[in-house]
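Beneath this line is the structure, given in structure tokens, with notes to follow.
In each ligand, atom 1 is the first atom listed, and ligand 1 is the first ligand listed. Computed from a predicted model, the values in this text were never measured in an experiment.
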Amino acid sequence: MRLTQGFIPTIKETPNEAQITSHRLMLRAGLVRQTSAGIYAWLPLGLRVLRNIERIVREEQDASGAQELLMPTIQPAELWRESGRYDDYGAEMLRIRDRHERDMLYGPTNEEMITDLFRQSVRSYRELPKIFYHIQWKFRDEVRPRFGVMRGREFLMKDAYSFDLDHAGAVISYRKMMLAYMRTFRRMGLKAIPMVADTGPIGGDLSHEFIILAPTGESQVFYDAAFEEIDYLSEGAGGFSHDSPADLERFFQEMTSYYAATDEKHDTAKWDQVAPERRREGRGIEVGHIFNFGTKYTKSMNTTVTTPDGKPVFPEMGSYGIGVSRLVGAVIEASHDDAGIVWPDSIAPFRAAILNLKVGDAACDALCARLYEALGADALYDDRDDRAGVKFNDADLMGHPWQLVVGPRGAVAGKVELKRRVVGMSGGDRVEVSPEDALAQIFANSDRRA
Ligand code: ATP
Ligand code: MG
């Protein structure tokens with residue numbers, strides 16, 4: 001995209017409505033604008049990041065065997081009356097009445113709807129297990145929407161739902177999702193830690209929140225530093241297969257063998273057993289949550305399948321959420337510096353930015369055109385007739401992982417300056433290379449669509 005033709009309204013001043021870094025940077029770099037409390041419009045730069053996060057989430061869900069579908073945002077109240085949640089959900093639910101006086105609602109989640117879709121068509125144990133997912137906007141009328149997209153009222157979530165014949169099957173589905181989640185967050189450059197979370201009246205140990213550490217996190221978290229040492233991120237997870245129950249078991253054991261819990265589920269007796277020098281405590285951001293809730297919805301919504309001996313049973317369900325729009329803010333909380341955002345390659349809005357330091361200079365224009373052609377639509381070409389300082393600042397603010405800087409002296413010599421955007425090194429780390437070398441490095445270095 002040529003910057004002169006794009007719509008990336010950056011802001012110099014610090015917006016005073018924003019309390020945390022990611023919110024400030026998202027406004028300043030022109031990713032989003034608030035349209036009402038907790039509701040945001042996604043501008044082109046922000047939308048590109050959101051789409052990249054969605055892409056990774058989708059690829060990992062597909063790899064786990066989950067099937068994508070798309071349920072609507074507006075749901076009939078009837079389904080929620082069946083499960084008993086229409087009244088329980090309280091003021092967080094946005095209730096709507098249509099012209100025929102029918103009660104509708106803007107979905108805060110989809111357990112009832114997926115159970116209804118399931119019971120309409122699935123009859124036999126032969127069709128199980130099944131995992132469905134969709135990536136859809138949710139609405140929750142949060143008491144205190146804040147921190148930009150981190151706690152919005154309208155937000156994008158990936159929610160998946162599993163159906164299994166029995167508990168043993170549900171445990172396998174749960175582990176598959178945990179593996180998919182670890183891979184998903186790793187590909188975004190995040191070290192998410194699965195922490196034991198509250199299971200409510202369901203009981204059991206199958207509820208984990210995926211937490212990334214950041215000083216602005218909303219909950220207090222506790223974990224054993226051993227988590228930082230086990231390399232489940234690169235080698236471990238890569239060696240596990242979704243198709244092997246033994247792999248999934250080994251993976252789950254590794255993930256849950258060390259202490260990690262949020263304040264809700266903190267167990268001081270167990271915490272005391274962690275060696276003092278290994279105790280880590282801090283603030284955490286919840287980016288995902290997986291939860292087995294047994295037959296809660298299949299029972300209340302009278303959903304059965306027949307077993308091999310012809311008897312009806314209520315399938316066990318789980319639900320699995322990822323805060324897709326929250327992740328945009330969470331990644332920024334985890335990766336930024338004083339100059340701006342530092343995107344991981346995989347989700348950056350553009351693979352690279354081309355900075356033409358002297359628009360109108362024949363050599364600069366020609367070299368930039370060549371680079372732009374090679375990188376295609378996945379580059380942002382700063383072709384504004386503006387000062388170099390402005391371009392450097394904006395590129396650092398927007399957080400492109402690579403900057404290709406083209407000035408008149410270099411252009412004549414057939415050289416560009418390549419800069420890798422690294423946290424805490426916004427200035428003075430440019431190296432002069434040939435355009436070919438620069439492009440080769442950029443292409444070699446990212447988890448992006450070809
Ligand atoms: P929280 O405790 O933060 O309110 P939750 O337990 O209500 O989260 P879930 O119902 O498990 O969240 O939703 C799945 C995921 O959706 C969460 O892990 C989080 O990443 C995201 N999410 C939940 N509420 C919001 C919100 N108001 N704004 C943005 N993302 C959200
Ligand atoms: Mg909530």
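At a heavy-atom cutoff of 4.0 Å, ligand 1 is contacted by the backbone of V149 but not by its side chain. Counting heavy atoms closer than 4.0 Å to ligand 1, residue E142 contributes side-chain atoms (C-beta onward) but none from N, CA, C or O.
Applying side-chain hydrogen bond (donor to acceptor under 3.5 Å, both in side chains) to E60 and the options R186, R187, R183 leaves one that passes, R187.
A cation-pi contact, defined as under 6.0 Å to the ring centre and within 45° of the axis, links R81 to Y86.
Nearest protein heavy-atom neighbour of atom 6 (O) of ligand 1: E286 OE2, 3.9 Å. Counting protein heavy atoms only, atom 19 (C) of ligand 1 is closest to R326 NH1, 3.4 Å. Scanning the protein for heavy atoms near atom 29 (C) of ligand 1, the closest one is M150 O, 3.3 Å. When hydrogens are left out, the protein atom nearest atom 13 (O) of ligand 1 is M157 CE, 3.4 Å; that is the closest non-hydrogen contact. The protein non-hydrogen atom at the shortest distance from atom 28 (N) of ligand 1 is G152 N, 3.1 Å. Nearest protein heavy-atom contact of atom 7 (O) of ligand 1 is R140 NH1, 2.9 Å. The shortest contact between atom 22 (N) of ligand 1 and any protein heavy atom is with F155 CE1, 3.6 Å.
Of all atoms in ligand 1, listed by their number and element, those nearer than 4.0 Å to a heavy atom of V287 are 18 (O), 20 (O). Residue G288 approaches ligand 1 through these ligand atoms, each under 4.0 Å from one of its heavy atoms: 18 (O). If you number the atoms of ligand 1 from 1 as listed, the ones under 4.0 Å from a heavy atom of G323 come out as 15 (C), 16 (O), 20 (O), 21 (C).
The backbone N or O of K391 lies less than 3.5 Å from no partner atom in the side chain of D386, so there is not a single donor-acceptor pair. Using modelled atom types, no side-chain atom of Y40 and backbone atom of E154 make a donor-acceptor pair closer than 3.5 Å. Side chain of R2 to main chain of D383: no donor-acceptor pair is present (N/O by atom type, distance under 3.5 Å, no hydrogens or angles). For Y161 (side chain) and N110 (main-chain N/O), a donor-acceptor pair under 3.5 Å exists by modelled atom type.
We find the CZ-CZ distance between R250 and F240 to be 4.5 Å, quoted to the nearest 0.5 Å. Taking CE of M182 as the reference point, atom CD of E254 lies at 9.5 Å (rounded to 0.5 Å).
Remark: among candidates R146, E218, R151, H289, the nearest residue to atom 3 (O) of ligand 1 is R151, based on non-hydrogen atoms.
Note on ring orientation: taking the six-membered ring where Trp is involved, the planes of W271 and F222 are perpendicular (angle over 60°, cut-offs 30° and 60°).
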